[in-house]
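Keep in mind it's a predicted model, so treat the numbers as computed, not measured.
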Amino acid sequence: MKSRLKQSTPLDESVNEHKNNGNVVHNPWSDLRRFTDARIGLGRAGISLPTSEMLAFQLSHAQARDAVSFPLDINEMTEQLGSISALKEVAPPLHLHSQAVDRVTYLQRPDLGRKLDENGRQILLSYMNKQKHTTQAKHDLAIVVVDGLSSLAVQKNVCPFITELLAHLTTDKQFKIAPITLVEQGRVAIGDDIGELLNAQVVMVLIGERPGLSSPDSLGLYLTWEPKTGLNDACRNCISNIRPAGLPYTEAARRALYLLREAKKLKLTGVNLKDRTQDDVIEHQVSTTNFLIAE
């Protein structure tokens, strides 16, 4: 991931120069930019946008394109995951690939990104065959890390999020975790193939989301109960925009843990499982049958 995304550019100096040269008309809405990455209150230079804002837009556009194009650094991800203490007792990550042989095919054929290739299937079958003589043949949770449409999001956010999540999972001892799988050229549904082959009750797919002009590094989470080939999105729960500038790791882990526990208790995910982590009734455990009626 030694790419333009991490290299310094002259943009910062250019922004400061154009903001301070007296030719830009200040927009009072710009004060709201402290609270959002949205492009509001940009000001103007004559009847046009300030040069600094045009340059910033072009940089964001380039970062979004780069996030889609750059490959996931599997070796670096494996090293990062190996440094997580909660995974020391779990088998090393398994490197898998979808049926999309390259990035061009992946972008043109989404259906191939949803399916595991034959080599990947054999890797998982071989692993499971070795586990038949132990008590590890069934897993409560399979975590699947997929490059998706932003390898940058995966590279930056997966390990901090998993560290936060496992800090809670390892304390309650409710979930036996399968080896983490790292998937190249994958889509969300590839988690169904992997979860089924790993005999997992629940599969959690962490995937790079489609980059926006202010969020090239947004990580998505998809949770599916009893994964198997052929399920659709109605069977999944989603937590989106996991990143420091979006949904913080601590809050994302709290929501994920709630959904995991509810899925295990109710034996379902998707449209029938609601994320109520922000519901005051749940948070404060108000015991009333009329909590939906406003007084």
Side-chain angles (χ1 to χ4, degrees), residues 1 5-6 34-38 63-64 67 70 72-74 76-90 93 140-183 186 188 191 200 202-212 214-224 236-264 269 273-279 282-283:
M1 291 296 293
L5 294 171
K6 292 187 176 181
R34 292 178 296 161
F35 308 104
T36 178
D37 290 333
Q63 288 176 326
F70 285 121
L72 180 64
D73 190 330
I74 295 294
E76 183 180 340
M77 279 299 306
T78 302
E79 277 185 30
Q80 291 176 358
L81 291 169
S83 67
I84 299 176
S85 57
L87 293 175
K88 296 298 184 183
E89 298 180 3
V90 179
D140 295 310
L141 173 64
I143 299 177
V144 180
V145 178
V146 186
D147 52 6
L149 288 167
S150 174
S151 61
L152 176 65
V154 174
Q155 212 84 45
K156 288 178 61 176
N157 301 309
V158 160
C159 287
F161 169 75
I162 289 180
T163 301
E164 189 70 37
L165 177 68
L166 295 185
H168 300 286
L169 280 182
T170 52
T171 56
D172 60 23
K173 304 294 183 183
Q174 290 186 34
F175 292 89
K176 185 186 300 178
I177 302 175
I180 291 180
T181 51
L182 303 175
V183 185
V188 172
V202 186
V203 64
M204 176 187 291
V205 175
L206 301 174
I207 187 169
E209 295 181 322
R210 186 184 304 277
S214 61
S215 56
D217 59 345
S218 180
L219 183 72
L221 180 156
Y222 292 83
L223 204 67
T224 310
R236 319 185 205 285
N237 288 87
C238 175
I239 300 175
S240 185
N241 197 29
I242 301 172
R243 62 191 183 104
L247 185 66
Y249 304 130
T250 302
E251 177 63 16
R254 187 178 73 88
R255 294 188 189 182
L257 187 61
Y258 170 83
L259 290 174
L260 280 169
R261 288 172 173 165
E262 290 297 296
K264 194 173 180 68
T269 51
L273 177 60
K274 304 302 181 185
D275 179 0
R276 304 189 68 185
T277 52
Q278 299 186 73
D279 193 325
I282 299 299
E283 287 294 319

Please confirm whether the backbone N or O of [Y] pairs with a side-chain atom of [X], one donor and one acceptor, at under 3.5 Å?
| X | Y | value |
| --- | --- | --- |
| Asn241 | Gly220 | no |
| Ser150 | Ala153 | yes |
| Asp275 | Thr277 | yes |
| Lys88 | Ser83 | no |
| Gln155 | Asp73 | yes |

Where is the tightest heavy-atom contact between [X] and [Y], given as atom of each residue plus distance?
| X | Y | result |
| --- | --- | --- |
| Tyr249 | Lys156 | OH-O, 3.7 Å |
| Ala64 | Gly212 | CB-O, 4.0 Å |
| Met204 | Phe161 | SD-CE2, 4.2 Å |
| Leu165 | Ala256 | CD1-CB, 4.2 Å |

> Tell me the side chain to side chain donor-acceptor pair (under 3.5 Å) pairs involving residues 140-149, sequence neighbours left out?
Replying inline: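 Non-adjacent pairs meeting side chain to side chain donor-acceptor pair (under 3.5 Å): Asp140-Lys264.
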> Out of curiosity, Cys159 SG to Ile84 CD1, how far, rounded to the nearest 0.5 Å?
Replying inline: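 Result: 4.5 Å between the selected atoms.
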>> Let me confirm one number: the CD1-OG distance from Ile74 to Ser151, rounded to the nearest 0.5 Å.
In response: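 Rounded to the nearest 0.5 Å, the CD1-OG separation comes out at 10.0 Å.
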> Do Ile207 and Val183 pass the side chain to side chain contact (heavy atoms under 4.5 Å, CB included) test, and can you show the C-alpha distance, the side-chain angles, and the key distance before you say yes or no?
Replying inline: CA-CA 10 Å; Ile207 187 169; Val183 185; over 6 Å; no
>> As a quick check of understanding, evaluate side chain to side chain contact (heavy atoms under 4.5 Å, CB included) for Val90 and Ile180, giving each step before the final call.
In response: CA-CA 8 Å; Val90 179; Ile180 291 180; 5.8 Å; no
>> Within the 3.5 Å criterion, strictly below it, is a donor on Asn237 or Thr269 matched to an acceptor on the partner's side chain?
In response: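 No, no side-chain donor-acceptor contact under 3.5 Å.
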